[in-house]
Amino acid sequence: MNLTLESLLILDMIDRKGSFAAAAVALDRVPSALTYSVRKLEDDLDVLLFDRRGHRAQLTPAGLQLLQEGRHLLLAANDLEQRVKRTATGRETELHIVLNSLIPFDKMLPIIAAFDREQSGTRLRFTPGVLTGAWEKLIEGRANLVIGVTLDGPEVVRTSGRFQMQELGAVDWVFVVAPQHPLAGVEEPLSAELVRSHRAIAVGDNSQSLPTLTMGLLSGQETLTVATVADKLQAQLAGLGCGHLPRIWAEPYLASGALVEKQTLAAKPNDNFMVAWPKAEQGKSLKWFIQHLAQPHVRQSLIGPVPMRGPA
């Protein structure tokens with residue numbers, strides 16, 4: 001092959017610096033070496049790459065096309081080199097983390113900042129997960145870590161022995177309605193029959209291939225299904241339905257009177273949340289997250305109070 005990464009690097013530097021001499025200094029070469037490399041490439045390709053009539057080295061249309069496409073190859077080669085180096089040092093190229101919508105993403109920002117200080121070079125990718133959907137990518141091998149799952153996951157989680165878990169913390173759930181909701185003034189505790197007669201706001205399981213689950217719903221109850229806990233909160237603030245919310249989300253609105261807590265006879269959702277990851281192939285970046293999330297103050301920050309949002 002006549003085209004090499006070295007020749008592309010030379011073309012790139014000449015174009016950036018504007019002359020063969022300046023490019024030679026940047027590459028720690030003598031100008032004659034760069035001139036020879038470019039002329040050889042022109043002869044091999046049988047095209048003229050530079051118009052040398054002016055003071056500045058100007059690419060011809062053919063040279064410009066070669067450089068534009070060649071820069072993609074240079075970037076890909078550099079990315080490959082960095083990934084190989086990270087693999088050799090035990091660092092993952094990318095860490096895919098599934099975050100339960102129970103946890104606002106802004107609570108992850110201090111953790112990401114702490115991870116950045118490690119200068120690991122590992123890219124982070126976050127996707128949302130709800131109920132079985134929080135497990136799905138991990139089970140299918142498309143995620144490295146899930147933050148905020150319950151033990152009520154798919155059977156494969158409990159029987160395969162492929163996954164490890166550590167406690168994130170207990171989440172206290174509270175049944176709430178807006179002050180204008182019909183249940184707000186009803187005597188407590190609310191019976192299951194009474195709750196069933198009113199629409200519930202539910203966060204939908206976002207699993208694509210596994211059987212989906214529901215949490216805190218009564219059989220036959222009309223539901224309004226939304227995508228996240230934040231959406232559920234807004235719908236209940238608007239009086240569009242009733243349901244359980246994590247107390248960490250509801251507390252500011254209970255204090256302000258925007259929501260009313262009601263005692264019920266119906267069972268509350270599971271309150272044990274975990275961090276989960278596959279046992280096999282734990283790289284250094286995944287181990288860092290596991291160790292960091294094991295710290296009590298970090299766990300508490302994730303499941304602690306959520307600042308008031310939206311109308312109150």
Side-chain angles (χ1 to χ4, degrees), residues 72 74-150 153 157 162-169 171 203 205-210 227-231 246 248-249 273-307 309:
H72 294 300
L74 289 173
L75 289 172
N78 181 69
D79 183 62
L80 175 60
E81 180 181 348
Q82 296 304 315
R83 283 188 282 129
V84 169
K85 289 180 178 179
R86 285 196 290 271
T87 300
T89 60
R91 290 284 187 181
E92 302 90 336
T93 301
E94 181 179 81
L95 208 59
H96 182 181
I97 300 172
V98 178
L99 185 67
N100 192 314
S101 73
L102 170 84
I103 303 170
F105 181 73
D106 55 12
K107 285 179 170 281
M108 293 299 302
L109 299 180
I111 297 175
I112 295 172
F115 181 71
D116 285 347
R117 291 192 287 272
E118 297 290 306
Q119 297 183 331
S120 68
T122 298
R123 298 190 297 266
L124 300 179
R125 180 157 61 100
F126 286 85
T127 55
V130 180
L131 297 173
T132 304
W135 281 108
E136 186 175 58
K137 288 185 175 63
L138 191 67
I139 293 170
E140 295 177 351
R142 296 186 291 118
N144 309 101
L145 181 69
V146 183
I147 302 175
V149 291
T150 71
V157 174
R162 291 168 46 198
F163 307 101
Q164 288 182 271
M165 289 181 280
Q166 70 183 22
E167 183 181 353
L168 179 62
V171 175
V203 181
D205 191 318
N206 66 350
S207 172
Q208 298 297 309
S209 59
L210 297 173
T228 67
V229 175
D231 295 337
I248 59 174
W249 284 80
F273 281 81
M274 315 290 289
V275 176
W277 63 93
K279 288 183 178 179
E281 301 180 6
Q282 291 178 25
K284 290 183 179 179
S285 294
L286 176 57
K287 289 179 179 177
W288 183 93
F289 267 89
I290 294 169
Q291 293 169 2
H292 195 76
L293 292 170
Q295 300 179 66
H297 74 279
V298 174
R299 299 202 311 264
Q300 183 56 40
S301 72
L302 292 178
I303 61 172
V306 177
R309 304 171 179 214

Closest heavy-atom contact between [X] and [Y]?
{"X": "Pro246", "Y": "Val229", "answer": "CD-CG1, 4.2 Å"}
{"X": "Ala143", "Y": "Val98", "answer": "CB-CG2, 3.8 Å"}
{"X": "Thr127", "Y": "His96", "answer": "OG1-NE2, 2.9 Å"}

Query raised in the report: Aromatic rings His292 and His297: how do their planes relate, parallel, tilted or perpendicular, breaks at 30° and 60°?
Result: perpendicular
Within the 4.5 Å heavy-atom criterion, are [X] and [Y] side-chain neighbours or not?
{"X": "Asp231", "Y": "Val203", "value": "no"}
{"X": "Leu138", "Y": "Val149", "value": "no"}
{"X": "Val171", "Y": "Trp249", "value": "no"}
{"X": "Ile111", "Y": "Phe289", "value": "yes"}
{"X": "Trp288", "Y": "Leu95", "value": "no"}

Exam field: side chain [X] to backbone [Y], donor-acceptor pair closer than 3.5 Å:
{"X": "Lys107", "Y": "Ile303", "value": "no"}
{"X": "Glu92", "Y": "Leu286", "value": "yes"}
{"X": "Arg162", "Y": "Lys279", "value": "no"}

Requested in this report: Look up atom CG in Asn144 and atom CG in Leu124, then write down how far apart they are to the nearest 0.5 Å.
Outcome: 10.0 Å
Report task. Hey, could you give me the CE/CD distance between Met274 and Gln166, rounded to the nearest 0.5 Å? Result -> 8.0 Å
Requested in this report: Mind running side-chain contact (heavy atoms from CB on, under 4.5 Å) on Gln164 and Ile290 for me, showing each step along the way?
Outcome: CA-CA 10 Å; Gln164 288 182 271; Ile290 294 169; over 6 Å; no
Query raised in the report: Step by step, would you call Phe163 with Val146 a side-chain contact (heavy atoms from CB on, under 4.5 Å)?
Result: CA-CA 11 Å; Phe163 307 101; Val146 183; over 6 Å; no
Query raised in the report: Does atom CD of Gln119 have more than 12 heavy-atom neighbours from other groups under 6.0 Å away?
Result: no
